[in-house]
Amino acid sequence: MVRAPAWAPPLLAVQFLTRLPVPVLARLTPEQAADGLARAMAWLPPVGTLIGSATAAAFVVAGQWWPPLLAALLALALEALLTGAFHEDAVADFCDAFGGTARGEAALRIMRDSRIGSYGALGLGLAVAMRVAAIVALPSALAVAAIVAAATLARLCAILLAAILPPAQADGAAARMGSGMPPRRVALALLLAAPGLVPLAILRPTALLAALVAIAVLLAWLARFLRARIGGSTGDCLGFAAYMAQLLVLLAAAA
């Protein structure tokens with residue numbers, strides 16, 4: 001088996017979650033890229049920490065000129081540009097697929113459809129609105145800590161769901177993330193997520209604990225629900241889990 005060099009997995013994680021150019025990755029062979037992408041999954045939480053830091057910084061800077069509501073919207077707009085609205089697209093697709101009674105291949109076909117329906121529009125709109133409202137409700141320092149922790153735990157939640165559930169499609173994003181994911185990779189992801197949680201743990205430890213409990217409940221429910229509806233997970237399911245985990249952290253901090 002051809003292994004990617006040690007520097008490749010973190011950079012592949014950056015490429016996977018953002019639109020930032022990483023030209024050095026062109027040096028990898030296809031075999032190295034495939035190996036590096038599988039190993040890159042453990043690096044998603046620290047990349048999430050960086051994305052959350054950028055969002056939080058934009059919120060603080062914009063808040064010097066505009067009211068908190070507008071600052072939060074500008075920060076999320078910057079984040080959407082940075083990530084390509086990666087998880088927002090997943091939320092819309094998930095809500096369209098499961099807002100009704102679709103199961104199996106019918107639900108998978110809806111998730112693959114690039115068009116957005118009424119369930120997707122409403123679900124995404126409410127999710128973004130709740131996220132903005134939670135950020136605006138927080139004092140500035142706590143908002144920064146919560147945004148960073150939320151972005152970190154969001155990516156960790158996706159990894160945990162990928163480790164729990166088999167992929168519903170052999171050629172989908174969930175297969176690339178979860179197929180053969182060893183416990184040591186999950187353990188590394190947990191370790192790499194820790195720095196992004198420290199500020200919230202210091203400022204509001206009870207909120208972080210409540211968020212962790214809520215995320216555990218979310219994962220248990222999603223695992224049971226997805227097994228029953230499509231027999232596994234997809235990239236959209238993992239993205240939905242990430243966005244919901246992000247929202248749970250912010251709601252816990254704002255409570």
Enquirer: Restricting to non-hydrogen atoms, name the atom on Cys95 and the atom on Gly120 that form the minimum distance, rounded to 0.1 Å.
Expert: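 Minimum heavy-atom separation between Cys95 and Gly120: CB-CA, 3.9 Å.
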Enquirer: Grab the two heavy atoms, one from Ala241 and one from Leu161, that are nearest each other, plus how far apart they are.
Expert: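 Closest approach of Ala241 to Leu161: CB-CD2, 3.8 Å.
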Enquirer: Is Asp113 close to Asp96 at the side-chain level, that is, under 4.5 Å between some pair of heavy atoms?
Expert: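 Not in contact.
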Enquirer: Given the rule that I, L, V, M, F, W and Y join up when any side-chain heavy atoms are under 4.5 Å apart, are Leu76 and Trp65 in one cluster?
Expert: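 No: no chain of side-chain contacts under 4.5 Å links Leu76 to Trp65.
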Enquirer: Rounded to the nearest 0.5 Å, what's the gap from CZ on Arg227 to CD1 on Ile164? Could you check?
Expert: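 Going from the CZ atom of Arg227 to the CD1 atom of Ile164 covers 7.5 Å.
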Enquirer: Would you name the heavy atoms of Ala97 and Ala107 that are closest together and state the gap between them?
Expert: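 Where Ala97 meets Ala107 most closely, the heavy atoms are CB-O, 3.6 Å.
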Enquirer: Give me the atom names and distance for the closest heavy-atom approach of Leu28 to Ala8.
Expert: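 In terms of heavy atoms, the two residues are closest at CD1-CB, 4.0 Å.
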Enquirer: Hey, could you give me the CE/CG distance between Met41 and Leu12, rounded to the nearest 0.5 Å?
Expert: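 Rounded to the nearest 0.5 Å, the CE-CG separation comes to 8.0 Å.
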Enquirer: Can you tell me how far apart CG (Leu44) and CD1 (Ile159) are? Round to the nearest 0.5 Å.
Expert: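 Taking CG in Leu44 and CD1 in Ile159, the distance rounds to 4.5 Å.
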Enquirer: What's the shortest heavy-atom distance between Cys237 and Phe98, and which atoms?
Expert: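 In this case the closest contact between Cys237 and Phe98 is SG-CE1, 4.3 Å.
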Enquirer: Transitively linked via ILVMFWY side-chain contacts under 4.5 Å: Phe16 with Leu153?
Expert: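 In one cluster: yes.
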Enquirer: Check for me, please, whether Met130 and Tyr243 land in the same ILVMFWY cluster - side-chain distances under 4.5 Å, paths through other members count.
Expert: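 No, it is not one cluster - the side chains of Met130 and Tyr243 are not joined through contacts under 4.5 Å.
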Enquirer: Mind checking whether Glu79 and Glu88 have side chains closer than 4.5 Å, heavy atoms only?
Expert: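 Contact flag for Glu79/Glu88 side chains = yes.
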Enquirer: Evaluate the side-chain proximity of His87 to Leu17: yes if any heavy-atom separation is below 4.5 Å, no if none is.
Expert: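 Side chain of Leu17 against side chain of His87, heavy atoms only: contact under 4.5 Å found.
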Enquirer: What's the spacing between Leu165 CG and Arg224 CZ if we round to 0.5 Å?
Expert: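 Answer rounded to 0.5 Å: 13.0 Å.
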Enquirer: Should Val249 and Leu251 be regarded as members of a common hydrophobic cluster, given that ILVMFWY residues are connected when their side-chain heavy atoms come within less than 4.5 Å of each other, either directly or indirectly?
Expert: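 Val249 does not cluster with Leu251.
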Enquirer: Say you draw a straight line from CD1 of Ile147 to CD1 of Ile51; how long is it, rounded to the nearest 0.5 Å?
Expert: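 CD1 of Ile51 is found 13.5 Å from CD1 of Ile147.
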Enquirer: Compare all side-chain heavy atoms of Phe94 with those of Leu222 and state whether any distance is below 4.5 angstrom.
Expert: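 Yes, at least one pair of side-chain atoms sits under 4.5 Å.
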Enquirer: Please check if Leu247 and Val91 belong to a single hydrophobic cluster, counting links between Ile, Leu, Val, Met, Phe, Trp and Tyr side chain heavy atoms closer than 4.5 Å.
Expert: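 Looking at the clustering, Val91 is in a separate group from Leu247.
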Enquirer: According to the ring-ring contact (aromatic ring centres under 6.0 Å, His included) rule, which pairs have a member within residues 183-222, sequence neighbours left out?
Expert: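 Only Trp221-Phe225 qualify under ring-ring contact (aromatic ring centres under 6.0 Å, His included).
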Enquirer: So Leu200 and Val148, side-chain contact (heavy atoms from CB on, under 4.5 Å) or not? Walk me through it.
Expert: CA-CA 8 Å; Leu200 184 59; Val148 174; over 6 Å; no
Enquirer: Do the non-hydrogen side-chain atoms of Leu78 and Thr55 ever get within less than 4.5 Å of each other?
Expert: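 With C-beta onward as the side chain, the pair stays apart.
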Enquirer: For Arg204, check side chain to side chain donor-acceptor pair (under 3.5 Å) against everything at least two apart and list the hits.
Expert: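 Not a single residue meets the side chain to side chain donor-acceptor pair (under 3.5 Å) criterion with Arg204.
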Enquirer: The test is side-chain contact (heavy atoms from CB on, under 4.5 Å); show your working for Trp66 and Val61 and say whether it passes.
Expert: CA-CA 9 Å; Trp66 294 286; Val61 172; over 6 Å; no
Enquirer: Which pair of non-hydrogen atoms, one from Ala134 and one from Leu138, has the smallest distance, and what is that distance?
Expert: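 Smallest heavy-atom distance, with atoms named: O-CG, 3.3 Å.
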Enquirer: Is there a donor-acceptor pair under 3.5 Å between the side chain of Arg155 and the backbone N or O of Thr49?
Expert: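 Checking the backbone N and O of Thr49 against the side chain of Arg155, no donor-acceptor pair under 3.5 Å is found.
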Enquirer: If you measure from CG on Leu142 to CG on Leu250, what distance do you get to the nearest 0.5 Å?
Expert: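 If we round to the nearest 0.5 Å, Leu142:CG and Leu250:CG are 9.5 Å apart.
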Enquirer: Could I get the full list of salt bridge (Lys or Arg N to Asp or Glu O under 4.0 Å) partners for Arg39, not counting sequence neighbours?
Expert: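 Residues passing salt bridge (Lys or Arg N to Asp or Glu O under 4.0 Å) with Arg39: Asp35.
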Enquirer: Determine, step by step, whether Leu20 and Leu82 satisfy the side-chain contact (heavy atoms from CB on, under 4.5 Å) criterion, reporting the C-alpha distance in whole Å, the side-chain angles of both residues, the deciding distance to 0.1 Å, and the verdict.
Expert: CA-CA 7 Å; Leu20 294 175; Leu82 179 62; 3.8 Å; yes
Enquirer: Test your reading of the model: is there a side-chain donor-acceptor pair from Gln15 to the backbone of Leu11, 3.5 Å cut-off?
Expert: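 Absent.
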